[in-house]
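Working notes, structure below.
When reading the values below, keep in mind they use all heavy atoms of this one structure, side chains included, and skip hydrogens, waters and symmetry mates. In listed order, ligands and their atoms are each counted from 1.
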Amino acid sequence: MLNKLRLLTPGPTPLPEEVRLVLARDMIHHRKQDFVRVMERIQPGLQYLFGTSQQVLPLSCSGTGAMHAAVTNLFAPGEKVLVIEGGKFGERWREIAQSQKLEVVSLVLENGQAVTAEAVREALAADPAVRGVLVQASETSTGVLHPVHELGAVTRDRDVLLVVDGISAVGISPCPMDAWGIDCLLTGSQKGLMLPPGLALLALSARAWDKVRAVGPANFYFNLLAERDKSLVHQTLFTSPVNLLQGLAVSLDLFREATLEGVYRKQWALTAMARTGAASLGLDLLARTHFTWGLTSIRLPAGIDGSLVLKAAAERCGVIMAGGQGEMKKSVIRLGHMGHVDWSDVLAGLHALKTGLAAAGGYSAAKSYMEEAVHAYEEALDGGYPEMRA
Ligand SMILES: *Cc1c(COP(=O)(O)O)cnc(C)c1O
């Protein structure tokens with residue numbers, strides 16, 4: 001109660017008041033005119049967000065559902081795909097593809113490493129049967145930004161579809177679908193879009209739609225051709241997640257107001273702030289050159305238990321951050337700064353990190369000017385107000 005709870009995780013993220021208010025409204029019916037109006041309002045906003053002239057489809061599922069929809073609609077069993085495995089979400093691409101009986105070739109990267117266009121070009125040359133490249137724009141498990149723009153230059157002139165999980169990139173850092181030659185771009189509601197979890201969004205290029213028609217429907221639920229027909233008349237195939245879509249309409253208005261350029265600029269600045277702050281706390285960063293703009297992955301000093309850092313940060317500062325994933329669970333802290341987050345949240349995140357480190361026995365760096373301000377706050381809090389001391 002004394003601390004404001006700050007959700008600085010790489011999803012879910014805090015919600016703006018405008019979005020929370022619309023989420024609280026009573027139901028409207030998904031086949032009636034009021035809902036059609038919401039959908040009509042959403043589509044141009046989604047096309048602006050995705051940088052596409054194609055229809056952007058809302059799907060009722062988490063982000064992984066859209067990954068599944070992409071794989072099953074774009075590729076037939078037995079087809080070969082190249083998966084960029086730079087972390088847990090790259091692994092997820094492989095697992096989904098294998099579960100659908102695709103043949104998978106993996107480009108496995110070290111933690112913190114981004115793929116290069118050269119490596120993808122070589123892999124495609126070595127294996128001409130590959131029909132798709134499956135990649136994350138931002139690999140959230142490590143905080144790495146893959147060079148999707150450069151990958152688009154490799155795939156666009158080949159019979160190879162570029163399928164991009166943009167879940168922690170769309171609305172956070174530039175990922176214009178049409179301009180970059182992306183054939184499938186998808187995202188989830190709970191990362192950059194400032195919405196609760198449960199909604200995914202997906203768009204396909206013209207040639208990807210041709211491929212979907214050639215493959216033929218593989219699913220009853222995730223039937224993208226049928227979903228597209230409904231979307232063109234401003235509905236969804238099954239009962240719509242009505243309140244999430246109403247929230248999306250508001251969130252897209254906020255993006256329009258701020259402009260994508262303005263949002264990217266803010267995200268870039270927050271990333272610089274988080275990276276500089278972590279470095280000034282004497283900490284190493286996991287992604288050195290190709291880093292995402294929605295979270296900062298920080299390596300802890302050897303012997304420091306990340307779970308203790310997270311616990312102290314939450315209990316003493318009200319700041320909720322995430323640990324690493326897989327084998328980095330306790331050795332990495334992920335400070336999320338995507339969605340409805342600003343400089344004061346990042347400042348709170350850095351201070352919580354310092355507090356957590358001190359509690360876990362890993363803090364020894366000198367104070368910075370930001371620290372001085374927070375220090376004054378803490379001293380005043382400890383010492384109490386004058387009447388208390390009288
Ligand atoms: C969060 C995330 C996912 C998983 O999304 P869910 O909504 O949990 O299914 C997949 N890929 C990336 C890059 C993510 O950041």
Side-chain angles (χ1 to χ4, degrees), residues 7-15 49-50 57-72 81 83-97 99 109 111-115 133-148 151 162-175 177 182 184-203 221-222 241 244 247-248 251 267 271 286-287 290-297 320-326 328-329 332-339 341:
L7 197 53
L8 300 183
T9 58
T13 59
L15 309 179
L49 183 72
F50 273 54
L57 308 179
L59 302 172
S60 314
C61 54
S62 81
T64 307
M67 295 170 75
H68 175 86
V71 168
T72 54
V81 291
V83 171
I84 311 307
E85 281 192 53
K88 181 150 179 253
F89 295 110
E91 274 172 35
R92 187 165 299 178
W93 270 136
R94 172 174 53 73
E95 288 167 353
I96 295 171
S99 78
L109 307 166
N111 286 330
Q113 226 44 52
V115 75
V133 173
L134 276 48
V135 66
Q136 272 61 40
S138 150
E139 172 52 78
T140 318
S141 67
T142 57
V144 164
L145 196 70
H146 289 305
V148 170
L151 301 188
L162 180 59
V163 181
V164 177
D165 164 2
I167 297 177
S168 63
V170 171
I172 296 167
S173 58
C175 198
M177 177 170 152
I182 298 170
C184 173
L185 182 63
L186 59 92
T187 192
S189 49
Q190 79 277 26
K191 309 269 168 113
L193 298 190
M194 311 180 286
L195 294 169
L199 179 72
L201 300 155
L202 176 148
Y221 191 71
F222 290 123
L244 286 173
L248 177 62
S251 142
Q267 287 304 131
T271 307
L286 187 56
H290 292 68
F291 46 86
T292 84
W293 300 9
L295 70 139
T296 296
S297 296
I320 314 298
M321 295 179 287
Q325 284 185 301
M328 298 180 293
K329 190 171 167 56
V332 163
I333 298 285
R334 289 178 304 150
L335 169 62
H337 38 81
M338 58 178 78
V341 164

Practice prompt. If you have a sec, work out which protein heavy atom is nearest atom 11 (N) of ligand 1 and how many Å separate them, to one decimal?
Written response: Asp165 OD2, 2.6 Å
Worksheet item: Quick one: which ligand 1 atoms are inside 4.0 Å of a heavy atom on Ser168?
Response: 15 (O)
Fill in: Criterion side-chain contact (heavy atoms from CB on, under 4.5 Å) on His337 and Leu8, from CA distance to verdict
CA-CA 6 Å; His337 38 81; Leu8 300 183; 5.9 Å; no
Worksheet item: Which distance, rounded to the nearest 0.5 Å, do you find between the CG of Leu201 and the CG of Leu248?
Response: 6.0 Å
Practice prompt. May I ask you to identify the nearest protein heavy atom to atom 8 (O) of ligand 1, giving residue, atom name and distance to one decimal place in Å?
Written response: Gln190 NE2, 3.9 Å
Worksheet item: Could an N or O of ligand 1 be found under 3.5 Å from any N or O of Ser138, whether backbone or side chain?
Response: no
Practice prompt. Let me see the working for Val133 and Ile84 under side-chain contact (heavy atoms from CB on, under 4.5 Å), right down to the final yes or no.
Written response: CA-CA 7 Å; Val133 173; Ile84 311 307; 4.2 Å; yes
Practice prompt. Could you tell me the residue and atom name of the protein heavy atom closest to atom 3 (C) of ligand 1, and the distance to it rounded to 0.1 Å?
Written response: Phe89 CE2, 3.3 Å
Worksheet item: Is Thr64 touching ligand 1 with its side chain, its backbone, both, or neither, if touching means heavy atoms under 4.0 Å apart?
Response: both
Worksheet item: Could you walk me through whether Leu59 and Leu199 pass the side-chain contact (heavy atoms from CB on, under 4.5 Å) check?
Response: CA-CA 6 Å; Leu59 302 172; Leu199 179 72; over 6 Å; no
Worksheet item: Is there at least one pair of N or O atoms, one from Gln136 and one from ligand 1, spaced under 3.5 Å apart?
Response: no
Response to the item:
Interatomic distance, CD@Glu85 vs CH2@Trp93, rounded to 0.5 Å, equals 12.5 Å
Worksheet item: If every non-hydrogen atom of Met328 is compared with every non-hydrogen atom of Thr142, which pair is closest and at what distance?
Response: CE-CG2, 4.0 Å
Worksheet item: For ligand 1, is there an N or O atom under 3.5 Å from any N or O atom of Arg92?
Response: no
Worksheet item: Can Ser138 and Gln136 be said to form a side chain to side chain donor-acceptor pair (under 3.5 Å), step by step?
Response: CA-CA 5 Å; Ser138 150; Gln136 272 61 40; over 6 Å; no
Worksheet, complete the sentence: Quick look: Glu139 vs ligand 1, heavy-atom contacts under 4.0 Å, and the answer is neither
Discussion item. Would you say that Met67 contacts Leu186 through its side chain, given a criterion of any heavy-atom pair below 4.5 Å between the two side chains?
Written reply: yes
Response to the item:
of all protein heavy atoms, closest to atom 15 (O) of ligand 1 is Thr140 OG1, 2.4 Å
Worksheet item: Among protein heavy atoms, which lies nearest atom 2 (C) of ligand 1, and at what distance?
Response: Lys191 NZ, 2.6 Å
Worksheet item: If you measure only the distance, is there a donor-acceptor pair under 3.5 Å linking the side chains of Thr64 and Arg92?
Response: yes
Worksheet item: Polar-atom distance check: Gly63 versus ligand 1, any N or O pair below 3.5 Å?
Response: yes
Worksheet item: What atoms of ligand 1 come closer than 4.0 angstrom to any heavy atom of Ser62?
Response: 6 (P), 7 (O), 9 (O)
